[in-house]
Amino acid sequence: MSSLSSRLTEIVSDIFVQLELPVELGQVDVSDRPDLAQFQCNGAMSAARIAKKAPRQIAEDIVALLRDRVEFETVEIAGPGFINLTVTDAYLQSHLQQTIMTDRFGAPNLGQGQTIVLDYGGPNLGKAMHVGHIRTAIIGDSLRKILSYVGYKTISDVHMGDWGTPMGMILSELEIRYPNWVYFDPDFSGDYPQETPLTIKDFEELYPTASKACKADPDRHKQAQSATLDLQNKRAGYYVLWKHFTNVSVESMKENYASLDVHFDLWKGESDVHDLIAPMVDLLKEKSYALQSEGALVISVEQHNDTKEIPPLILYKKDGAVMYGTTDMATLVERMNLYHPSKIIYVADQRQHLHFEQVFRAVQKAGIVPDSTELIHAGFGTMNGTDGTPFKTREGGVMKLDDFLEMAIHKSLEKLNEVHAENDLSDKEKNDIATKIGISAIKFADLQNNRISDYIFDLDRLTSFEGKTGPYILYQAVRIKSLLKKAGDHSFKDILVSESNKEIILLLTTFPDVLEGTCRNYTPHILCDYVYSLAQNFSSFYNHCHILSEGNETVKSSHLALCKLILDQIETCMGLLGIKVPERM
RNA sequence: GCGCCCUUAGCUCAGUCGGAUAGAGCGUUGGUUUCCGGAGCCAAAGGCCACAGGUUCGAAUCCUGUAGGGCGCACCA
């Protein structure tokens, strides 16, 4: 770690050790009271109990040893025993140049090359993607980028829902509608048609109709379950037809994810691990973990110190079909074999928490995943509308993902036409910029919330361009780009610390801490907060300090170098959030 | 019934390992442009951190209880 506060922590910790106090009490943080000092250490107060001395006395002892250090401008004690620290401008400047102005802004290497598998897609085959799929994609893809940046090798998997009951619902629905299709003729033995009988349009209506019918009629539901089982047993006609709609569906998903600018390394699904299920279950039977219960084959996941009842995970339903718990387990068999990851992170709705707990316990019990691999459910809140109930469009339906994106982009385009009324941008440029702005608004609005709390899907807020938004940050970055262009050729060298830029330089030195904090609980909102502060600080600096008219060449060059550094930081942070910065806007 | 999560400004949310005067954005009110891009900047008003106890030198943060809300609990994902 090479943030400035972590450097100071090293210095102060040494002194705590010298005084035979616990090393961790030497923790130095950015001050809560910038009017008093830049940094603070609260350890003297905690040490009082251990050392059985007055906190102020301990603070005095520590401060006596700190005063000689060249790093500090002032070292003071305040209140009950806060140690307030302010560094010299020279030290601040050298730290800036030696760590923050290096290739990755002092980013810590947390991953050390270890592998992390991320699972953040989960779209269902045969269903049009809607706004409900947006959170996992945005959060997951951002985590992928952030974790790669701090030294992990990441592998992301879209993990499609392609093997469960919804598949049987669609197949049975088609069989009811088109009983004469060859796919449904059990005696058919020739070659099935190469051409798909279905288009993506068909799916918009097909699944909702089938799902509704199954809910209303138990017999219809049984039919769907039986079709699911037949598919899982790879009944020829079903399987071929399923392949057709897999292809159609995946193509459309790829378009959706491409317009969101979300990437996956693997396009796997539940069905891909089908052949691993039987051997896995055999092994579980051998170890006596798989047991018959109420007609189903289950694995118990209770533990003796449980404070609650936790139901067993069902491996095979009584009709012999598998559910997603089983495919999730088998997927872990595959992931362990192929990648040996140190962590596997599932970015999925918090409502699935119990499911993941069951799966995690089951694979740990079965020895499929060793203790050395951490399994994490990074859950996020339920998506509600502004009235606090599950989100619906004004017409009461689900909002399709591409319609939503289109809305945001369209709104950006309108704003762009206002600003660039003189039409010095081509339509293509405008569309490109509007896309970047619209996507930035959506992604930033989503990521800036702590992922665990429920999510208010507020269209106006998600596509707003003012205040704490993606477009605001883009705007600041674009202003810097414009400024640097106007300044002409420059070699960026030293950044001189002065009163006008000290605050922003101090902020820049916290970047390594920000990354560390973001990765601690997989919460990109911490990074959002940082990049927003940075943009805000820049904007303030920009308004108070006229750069191009600066007469002193050294000062001007320093300002420009700082602007360049801030721009690079903003672009990097936004990149980690999955947001691209345009040249103009 | 059991369990998990939540409750912070009018609204939407931050608040990391317990630290000093709890912060943003929106909204409201006022100011700001002969000058680098005003999607901006400066400022003000706005808080019983749901409530009640407890632990602590110190609690929005930890513990217990209460109220309100959300969610989950065997063949859906």
Side-chain angles (χ1 to χ4, degrees), chain A residues 24 27 29 31-33 35-36 40 42 45-46 48-49 54-55 78-82 84 122 124 161 164-166 169 211 214-215 221 225 270 293-298 306-319 321-325 348-355 357 379 381-382 384 386 388 415-416 418-419 437 445 448-450 452-454 456 458 460-461 464-469 471-472 474-476 478-487 513 516-518 520-521 523 525-526 528-529 532-533 536 539-540 542-550 563 584-585:
Chain A
E24 66 274 12
Q27 174 81 37
D29 292 305
S31 177
D32 291 334
R33 293 286 305 272
D35 52 319
L36 299 179
Q40 63 183 11
N42 303 334
M45 290 174 290
S46 315
R49 209 166 319 156
F82 295 100
N84 285 334
N124 291 302
T165 309
M169 288 182 180
S211 165
C214 289
K215 218 175 246 172
H221 190 71
Q225 285 178 323
E270 295 165 343
S293 171
E294 297 177 31
L297 188 70
V298 305
D306 280 348
T307 55
K308 62 179 175 190
E309 283 178 46
I310 178 159
L313 185 146
I314 295 174
L315 296 163
Y316 282 115
K317 302 196 294 185
K318 60 184 161 205
D319 70 4
V322 296
M323 298 195 299
Y324 77 142
D349 194 310
Q350 187 61 26
R351 285 178 294 187
Q352 295 193 40
H353 192 74
L354 181 62
H355 161 74
E357 195 167 359
T382 312
N384 290 330
T386 42
K415 178 77 186 177
L416 215 48
E418 264 173 48
V419 176
I437 295 172
Q448 68 161 307
N449 289 315
N450 188 345
I452 197 76
S453 39
D454 279 353
I456 303 287
D458 180 347
D460 292 334
R461 191 170 129 257
S464 164
F465 303 153
E466 283 162 24
K468 190 173 182 180
T469 64
Y472 169 88
L474 297 188
Y475 182 71
Q476 304 311 334
V478 166
R479 286 212 293 194
I480 302 176
K481 289 189 181 190
S482 168
L483 176 71
L484 294 176
K485 261 177 230 153
K486 284 217 169 73
D513 292 331
E516 205 270 333
T518 302
R520 188 180 305 139
N521 293 311
T523 47
H525 78 274
I526 291 177
C528 288
D529 249 24
Y532 177 67
S533 305
Q536 229 178 5
S539 192
S540 182
Y542 178 87
N543 269 276
H544 289 111
C545 183
H546 202 274
I547 295 159
L548 294 183
S549 63
E550 173 60 53
C563 288
R584 302 175 59 185
M585 67 186 277

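Quick note: numbers below take in every heavy atom, side chains included, and nothing from hydrogens, waters or symmetry partners. We name chains A, B, ... by the order of the sequence lines, and we start the count at 1 in each one.
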Asker: Give me the atom names and distance for the closest heavy-atom approach of A/Lys468 to A/Gln448.
Answerer: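 That closest heavy-atom pairing would be O-NE2, 3.3 Å.
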Asker: For the base of B/rC36 and the side-chain ring of A/His546, does the geometry meet a stacking cutoff of under 5.5 Å between centres and under 30° between planes?
Answerer: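 Stacked: centres under 5.5 Å apart, planes under 30°.
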Asker: What's the gap between B/rC62 and B/rC11 when it is taken at their P atoms, as a whole Å value?
Answerer: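 Nearest-Å result for B/rC62 against B/rC11 at atom P: 24 Å.
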Asker: Checking only heavy atoms, does the side chain of A/Gln27 share a donor-acceptor pair with the base of B/rC17 at less than 3.5 Å?
Answerer: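 Indeed, a donor on one side and an acceptor on the other fall under 3.5 Å apart.
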Asker: Counting distance only, does the side-chain N/O of A/Asn521 pair as donor-acceptor with the main-chain N or O of A/Thr523 below 3.5 Å?
Answerer: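 Here the side-chain-to-backbone pair does not exist.
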Asker: Which heavy atom of A/Arg479 sits nearest a heavy atom of A/Ser539, and at what distance?
Answerer: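 Scanning both residues, the minimum pair turns out to be NH2-OG, 2.9 Å.
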Asker: Do you know the tightest heavy-atom contact between A/Ala78 and A/Asn84?
Answerer: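 Residues A/Ala78 and A/Asn84, closest heavy atoms: CB-ND2, 3.5 Å.
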Asker: How far does the P atom of B/rG18 sit from the matching atom of B/rG58, given to the nearest Å?
Answerer: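 Result for the P pair: 16 Å, nearest Å.
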Asker: When you measure from the side chain of A/Leu548, which nucleotide among B/rG37, B/rC36, B/rC73 comes out closest?
Answerer: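 Per side-chain heavy atoms of A/Leu548, the pick is B/rC36.
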Asker: Please measure how far the C1' atom in B/rA24 lies from the corresponding atom in B/rG15, and state the result in whole Å.
Answerer: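 10 Å, rounded to whole Å.
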Asker: Between the side-chain atoms of A/Gln40 and the base atoms of B/rA20, is any donor-acceptor pair under 3.5 Å?
Answerer: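 Side chain to base: pair found, below 3.5 Å.
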Asker: What does A/Asp454 touch in the nucleic acid at a heavy-atom separation under 4.0 angstrom: a base, only the sugar-phosphate, or nothing?
Answerer: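 Result for A/Asp454 = sugar-phosphate.
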Asker: Nearest to the side chain of A/Tyr542, which nucleotide is it out of B/rG38, B/rC41, B/rA39?
Answerer: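 Nearest to the side-chain atoms of A/Tyr542, counting from C-beta on, is B/rG38.
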Asker: Please confirm whether the shortest side-chain N or O distance from A/Tyr472 to OP1 or OP2 of B/rC41 is below 4.0 Å.
Answerer: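 Yes, within the criterion.
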Asker: So which nucleotide from B/rC71, B/rC73, B/rG40 ends up closest to the side chain of A/Gln476?
Answerer: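 Looking only at heavy atoms from C-beta outward on A/Gln476, the closest nucleotide is B/rG40.
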Asker: Between B/rC63 and B/rU55, how many Å separate the two C1' atoms, rounded to a whole number?
Answerer: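 One C1' to the other, the span is 7 Å.
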Asker: Please report the closest heavy-atom contact between A/Met169 and A/Cys214, naming both atoms and the distance.
Answerer: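 Smallest heavy-atom distance, with atoms named: CG-SG, 3.8 Å.
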Asker: Might you point out which heavy atoms bring A/Leu315 and A/Val322 nearest each other, and give the distance in Å?
Answerer: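 Minimum heavy-atom contact is O-CG1, 3.5 Å.
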Asker: Find the distance A/Asn521:CG to B/rG15:C1' and express it as a whole number of Å.
Answerer: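 Rounded to whole Å, this separation is 14 Å.
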Asker: Answer yes or no: side-chain N or O of A/Ser482 and base N or O of B/rG37 forming a donor-acceptor pair under 3.5 Å.
Answerer: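 Pair found.
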Asker: CD1/A/Ile547 to CG/A/Leu483 distance, rounded to the nearest 0.5 angstrom?
Answerer: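 Separation between the atoms: 5.0 Å.
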Asker: Check whether more than 12 heavy atoms from other residues, nucleotides or ligands sit under 6.0 Å from atom NZ of A/Lys215, and answer yes or no.
Answerer: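 Result for NZ/A/Lys215: open.
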Asker: Between CD1 of A/Ile437 and CE of A/Met585, what distance do you get to the nearest 0.5 Å?
Answerer: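 One gets 4.0 Å once the value is rounded to the nearest 0.5 Å.
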Asker: Base, sugar-phosphate or nothing for A/Glu270? Non-hydrogen atoms, less than 4.0 Å.
Answerer: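 It contacts sugar-phosphate atoms only.
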Asker: Kindly give the atom pairs (protein nitrogen or oxygen, nucleotide nitrogen or oxygen) under 3.5 Å for nucleotides 6-9 of chain B.
Answerer:
none

Asker: Determine whether A/Asp460 and A/Ser464 make a side-chain contact, defined as any pair of heavy atoms from C-beta on separated by less than 4.5 Å.
Answerer: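 No, their side chains stay 4.5 Å or more apart.
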Asker: Both atom distances under 3.5 Å, Watson-Crick or G-U wobble: I'd like the secondary structure of RNA chain B as a dot-bracket string, with | for pairs made across strands.
Answerer: (((((((..((((.....[...)))).(((((.......))))).....(((((..]....))))))))))))....
Asker: Quick check for you: among B/rC41, B/rC76, B/rC17, whose closest atom lies nearest to any side-chain atom of A/Met323?
Answerer: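 Taking heavy atoms from C-beta onward, the closest nucleotide is B/rC76.
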Asker: Taking all atoms of both residues into account, what is the closest heavy-atom pair of A/Pro55 and A/Ala48, and its distance?
Answerer: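 That would be CD-CB, 3.8 Å.
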Asker: Identify, with sequence neighbours excluded, every residue that meets side chain to side chain donor-acceptor pair (under 3.5 Å) alongside A/Gln352.
Answerer: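 Applying side chain to side chain donor-acceptor pair (under 3.5 Å) to A/Gln352 gives none.
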Asker: Using the C1' atom on both, measure B/rC49 against B/rA22 and round to a whole Å.
Answerer: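 Taking atom C1' in both B/rC49 and B/rA22, they lie 8 Å apart.
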Asker: Would you mind classifying the nucleic acid contact of A/Ala78 as base, sugar-phosphate or nothing, using non-hydrogen atoms under 4.0 angstrom?
Answerer: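 Base contact - A/Ala78 has a heavy atom under 4.0 Å of at least one base atom.
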Asker: Hey, does the side chain of A/His525 come within less than 4.0 Å of B/rG15's phosphate (OP1/OP2), counting only N and O?
Answerer: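 Checking A/His525 against B/rG15: at least one side-chain N or O falls below 4.0 Å of OP1 or OP2.
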Asker: Give a yes or no answer on whether the side chain of A/Ser540 reaches the backbone of A/Gln536 with a donor-acceptor pair at less than 3.5 Å.
Answerer: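 The answer is no, because no donor-acceptor pair under 3.5 Å joins these two groups.
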Asker: Give every pair of a protein N or O atom and an N or O atom of nucleotides 25-27 of chain B that lie under 3.5 Å apart, one pair per line with the distance.
Answerer:
from, atom 1, to, atom 2, distance (Å)
B/rG25, OP1, A/Gln536, NE2, 3.3
B/rG25, O2', A/Lys468, N, 3.4

Asker: Under the 3.5 Å rule, do the base of B/rA74 and the side chain of A/Ser293 count as making a donor-acceptor pair?
Answerer: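 Looking at the base of B/rA74, it does pair with a donor or acceptor on the side chain of A/Ser293 (distance under 3.5 Å).
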Asker: So does A/Lys486 get a side-chain nitrogen or oxygen closer than 4.0 Å to the phosphate oxygens (OP1/OP2) of B/rG37?
Answerer: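 The answer is yes; a side-chain N or O of A/Lys486 sits under 4.0 Å from OP1 or OP2.
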Asker: Please list, pair by pair, any protein nitrogen or oxygen found under 3.5 Å from a nitrogen or oxygen in nucleotides 29-32 of chain B.
Answerer:
none

Asker: Determine: side-chain N/O of A/Tyr324 to OP1/OP2 of B/rA77, distance under 4.0 Å, yes or no.
Answerer: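 False: A/Tyr324 side-chain N/O out of range (4.0 Å or more) of B/rA77 OP1/OP2.
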Asker: Can B/rC11 be described as syn, meaning its chi torsion is within 90° of 0, or is it anti?
Answerer: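 Nucleotide B/rC11 adopts anti.
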Asker: So does A/Asp319 get a backbone contact from the side chain of A/Gln225, meaning a donor-acceptor N/O pair under 3.5 Å?
Answerer: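 The answer is no, because no donor-acceptor pair under 3.5 Å joins these two groups.
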Asker: Please state whether the phosphate of B/rC71, meaning OP1 or OP2, lies under 4.0 angstrom from any side-chain nitrogen or oxygen of A/Thr382.
Answerer: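 No, no such contact exists.
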Asker: Atom CD of A/Glu357 and atom NZ of A/Lys308: how far apart are they, to the nearest 0.5 Å?
Answerer: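 Here the rounded value is 3.5 Å.
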Asker: Output yes when a side-chain donor or acceptor of A/Asp29 lies under 3.5 Å from a complementary backbone atom of A/Gln40, and no otherwise.
Answerer: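 No: the side chain of A/Asp29 does not pair with the backbone of A/Gln40.
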Asker: Please confirm whether any donor atom in the side chain of A/Asp35 sits under 3.5 Å from an acceptor in the base of B/rA20, or the reverse.
Answerer: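 Counting by modelled atom types and ignoring angles, no donor-acceptor contact under 3.5 Å is found here.
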Asker: A/His353 NE2 to B/rG70 C1': how many Å, rounded?
Answerer: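 Rounding to the nearest Å, NE2 of A/His353 and C1' of B/rG70 are 16 Å apart.
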Asker: Determine the interatomic distance between P on B/rC73 and the same-named atom on B/rG10; round to the nearest Å.
Answerer: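 Going atom to atom, P in each nucleotide, I get 36 Å.
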Asker: Hey, what are the protein-to-nucleotides 55-64 of chain B N/O distances that come in under 3.5 Å?
Answerer:
from, atom 1, to, atom 2, distance (Å)
B/rC57, N4, A/Arg49, NH2, 3.1

Asker: Provide the distance between the two P atoms, one in B/rG3 and one in B/rG47, to the nearest whole Å.
Answerer: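 B/rG3 and B/rG47 have their P atoms separated by 38 Å.
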Asker: If the cut-off is 4.0 Å, is A/Arg479 near the phosphate of B/rA39, judged by side-chain N/O to OP1 or OP2?
Answerer: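 The answer is no; no side-chain N or O of A/Arg479 sits under 4.0 Å from OP1 or OP2.
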Asker: Which value, in whole Å, describes the distance between the C1' atoms of nucleotides B/rG25 and B/rG19?
Answerer: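 The answer is 27 Å between these two C1' atoms.
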Asker: Tell me which of A/Asp529 and A/Leu36 sits closer to the 5' end of RNA chain B, going by the nucleotide each one is nearest to.
Answerer: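 Counting from the 5' end, the first nearest nucleotide belongs to A/Asp529.
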Asker: Is it true that a side-chain atom of A/Thr469 and a backbone atom of A/Tyr472 form a donor plus acceptor pair closer than 3.5 Å?
Answerer: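 Confirmed, A/Thr469 side chain pairs with A/Tyr472 backbone.
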